Number of protein chains: 2
Amino acid sequence: MMKTTTRIFNFSAGPAVLPLPVLEQAERDLVSLPGVGMSILEVSHRSKVFEDVLARAEADIRTLAAIPPNYRVLFLPGGASLQFTMVPMNLLTDDRTADYLVTGVWAAKAVDEARKIGKVHVAATTKAEQFTRVPRPDEVVLSPDAAYVHMTANNTIYGTEWKELPNVGSVPLVSDTSSDMFSRPIDVSKHGLIYSGAQKNMGAAGVTVIIVRDDLLARSAATLPSMLSYAVHAENRSMYNTPPVFAIYLLGLVMRWLIGQGGLAAIARVNERKAAKLYSEIDRTGFYRGTAQKDSRSLMNVTFRLPSEALEQQFVKGAEQASLDGLKGHRSVGGIRASIYNAFPEEGVDALCSFMREFERRNG
Amino acid sequence: MMKTTTRIFNFSAGPAVLPLPVLEQAERDLVSLPGVGMSILEVSHRSKVFEDVLARAEADIRTLAAIPPNYRVLFLPGGASLQFTMVPMNLLTDDRTADYLVTGVWAAKAVDEARKIGKVHVAATTKAEQFTRVPRPDEVVLSPDAAYVHMTANNTIYGTEWKELPNVGSVPLVSDTSSDMFSRPIDVSKHGLIYSGAQKNMGAAGVTVIIVRDDLLARSAATLPSMLSYAVHAENRSMYNTPPVFAIYLLGLVMRWLIGQGGLAAIARVNERKAAKLYSEIDRTGFYRGTAQKDSRSLMNVTFRLPSEALEQQFVKGAEQASLDGLKGHRSVGGIRASIYNAFPEEGVDALCSFMREFERRNG
């Protein structure tokens with residue numbers, strides 16, 4: 001069932017599995033880029049080589065999501081966690097309120113950081129239901145003076161995902177898409193700002209992609225620290241300082257691969273099929289129990305429980321022995337989590353389904 | 001003269017040349033880490049594999065610089081440029097002044113960012129001499145209420161370097177060592193905080209090493225954004241969020257390599273020898289003219305001029321044809337710059353000296 005004798009199935013929530021052809025390309029460029037005479041790790045960020053890498057990565061991202069021309073694409077360090085701070089620092093003015101849709105731990109962290117910067121309103125939360133679903137449209141109550149509305153597109157810990165964007169009228173929608181970016185088509189024009197740490201669906205840890213509508217850059221005060229200003233980074237085309245060259249290069253390779261897979265609509269069909277197989281196995285007899293409510297189920301992080309914690313431990317251990325790695329749920333909720341991002345191979349899903357069937361037969 | 005037929009000599013100021021054995025090791029780990037079954041780019045930051053990488057990198061850094069136990073070692077994103085902001089955010093309180101020693105463009109940028117945070121005093125500057133040297137001890141005038149003194153250990157653009165640390169009494173000394181870190185022994189105990197972007201002497205772009213004295217962590221206010229707080233990163237041992245896994249892994253390989261070279265005293269001897277060869281060639285006849293004053297000459301970035309800009313252009317072009325790359329001086333000052341960091345091979349220095357001798361013969 002395994003692709004090669006040396007690689008296992010990696011269900012980790014992130015950093016996560018990468019497409020094998022991407023790794024093989026990076027391996028080829030690692031000691032000496034053909035025609036350049038040095039490693040991709042050694043090229044100057046001011047070199048023609050890197051200029052081309054950056055331009056192509058941006059162009060491919062624009063192609064994949066059909067990004068309108070009035071949006072900028074930025075490549076920044078610090079992960080989504082730094083965006084929890086940069087979003088309110090740049091977009092929240094003293095006279096306004098930042099609205100947050102709280103659907104889990106990461107959304108709550110974003111709220112905590114925003115509260116250090118300015119006024120925050122929780123416009124909806126499903127905490128009372130242990131974040132087992134995302135809010136319904138009628139549960140979202142915006143502030144009259146909302147500077148923006150912040151959402152978390154997919155919630156890795158709880159295995160939930162927004163199926164439709166919340167209706168926010170003319171207020172800029174800011175979305176943390178770190179865990180489902182480019183796993184399905186995304187309507188950029190309905191957002192003011194999108195940010196995504198690369199290490200789940202876009203590449204390796206070390207770079208975050210920001211897509212921001214032009215007019216919002218005017219909100220970045222000139223008094224902001226340069227490294228924390230979207231306007232400064234946009235003006236310098238992500239080259240205000242030395243960017244994470246290799247992380248951007250690798251992200252570019254993943255974007256190329258994604259285009260080769262047929263783009264977002266095509267990968268979405270694969271992701272739907274992969275997730276459907278797992279959810280169908282979960283729902284088959286009742287031995288396994290999905291933790292997310294059905295209409296909020298994530299296609300990226302499939303979370304479920306077994307009849308007892310003892311069985312869950314046994315399940316994780318047995319899976320590891322079968323080369324199915326990283327299935328332990330997040331330490332805050334326990335249970336099982338299978339993360340099946342874009343690059344996760346379908347045969348790995350099949351392998352997990354078989355393992356689940358067999359495990360149930362022996363323990364059910 | 002070239003090490004292999006496919007690699008050239010890379011004199012770039014950073015990102016810069018890496019040790020070939022490090023690149024070859026990374027190449028071997030890129031598709032599947034032996035015994036792990038996945039790429040170093042795919043392992044979870046919570047995995048045992050990465051825990052070991054992080055612990056070993058820290059241990060090796062501690063060994064190399066004999067770091068006292070009351071100092072923390074942190075691995076953070078954002079480069080030295082983000083430290084320009086984090087240093088004053090964390091260490092500068094409202095009732096104090098931050099003292100800066102201004103020795104070039106990067107020091108001046110650090111001042112600009114600190115001024116956005118609090119009160120700044122320029123305690124010495126050699127701007128009047130176009131930064132061709134670092135200040136003398138008697139030129140440094142500290143504030144009576146100095147929160148810290150900030151210096152830039154090596155100035156890449158002007159080719160200057162502090163030969164001795166300035167005397168700052170009991171005021172914490174903060175040093176940006178991005179361009180000469182671990183090129184020579186460093187007395188950590190004389191510093192309050194040291195920061196170094198990795199992409200010159202420590203690894204690839206994407207991670208910054210911070211060495212900070214324990215007691216200074218108490219200055220980080222609880223109201224600081226988490227990602228910008230030294231205290232938060234120290235408490236979480238650089239794992240507050242997903243760190244740049246690959247950049248830390250690569251830095252660890254460079255530290256191993258450096259230990260294998262005999263450590264800081266040994267590499268300093270090599271660096272002195274490499275620089276002496278180049279400066280001696282520069283001083284030989286007067287055709288070339290070193291831009292830094294002799295007692296401030298950098299061992300990392302050797303800057304010089306030719307009799308005319310036309311000859312400089314010809315020099316850079318001819319050098320490129322001879323596989324000597326990246327010799328063009330920084331766009332703000334022009335001229336020639338040969339960056340010869342730890343990993344830059346001595347045979348590359350010899351090749352440049354030969355090229356200089358021949359260029360002078362033809363054009364002198």
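Remember, it's a predicted structure, so these values are computed and weren't measured experimentally. Only this structure's heavy atoms are used, side chains among them; waters, hydrogens and symmetry mates stay out. Chain naming here is simple, since letters A, B, ... match the order of the sequence lines and numbering starts at 1 in each.
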Requested in this report: Let me see the working for B/E42 and A/V17 under side-chain contact (heavy atoms from CB on, under 4.5 Å), right down to the final yes or no.
Outcome: CA-CA 5 Å; B/E42 300 172 307; A/V17 63; 3.6 Å; yes

At a 4.5 Å cut-off on heavy atoms, which part of [X] comes close to chain A: side chain, backbone, both, or neither?
X      : value
B/A222 : backbone
B/R115 : neither
B/A26  : both
B/D325 : side chain
B/L228 : side chain

Just so I understand: if I count every heavy-atom pair under 4.5 Å between each of [options] and chain B, which residue has the most?
options                       : value
A/A80, A/P77, A/G206, A/A16   : A/A16
A/A247, A/G326, A/G78, A/P244 : A/G78
A/P225, A/A343, A/A205, A/A13 : A/P225
A/S47, A/A204, A/S44          : A/S44

Query - Side-chain donor-acceptor contact under 3.5 Å, A/S226 with B/E113 - result: yes

Report task. Verify side-chain contact (heavy atoms from CB on, under 4.5 Å) between B/I8 and A/V36, making sure each step is shown before the conclusion. Result -> CA-CA 8 Å; B/I8 63 174; A/V36 178; 5.9 Å; no

**Report entry** B/K116 (side chain) donor-acceptor with A/L224 (main chain) under 3.5 angstrom
**Finding:** yes

Please look at [X] and chain B and tell me whether the side chain, the backbone, both or neither of the residue comes under 4.5 angstrom of a heavy atom of that chain.
X      : result
A/V43  : backbone
A/P243 : backbone
A/S81  : both
A/L33  : neither
A/R28  : neither

[atom1]/[X] to [atom2]/[Y] distance, rounded to the nearest 0.5 angstrom?
X      : Y      : atom1 : atom2 : answer
A/H330 : B/R46  : NE2   : CZ    : 7.0 Å
B/S39  : A/E24  : OG    : CD    : 11.0 Å
A/Y240 : B/L82  : OH    : CG    : 10.5 Å
B/L30  : A/L250 : CG    : CG    : 8.0 Å
B/F246 : A/Q199 : CZ    : CD    : 15.0 Å

Report task. Answer whether the closest heavy-atom distance between the side chains of B/L41 and A/V22 falls below 4.5 Å. Result -> no

Report summary line: Most contact-rich option vs chain A, by heavy-atom pairs under 4.5 angstrom, among B/V245, B/N10, B/I117, is B/N10

Query raised in the report: Is it the case that more than 12 heavy atoms not belonging to A/W106 sit under 6.0 Å from its CH2 atom?
Result: no

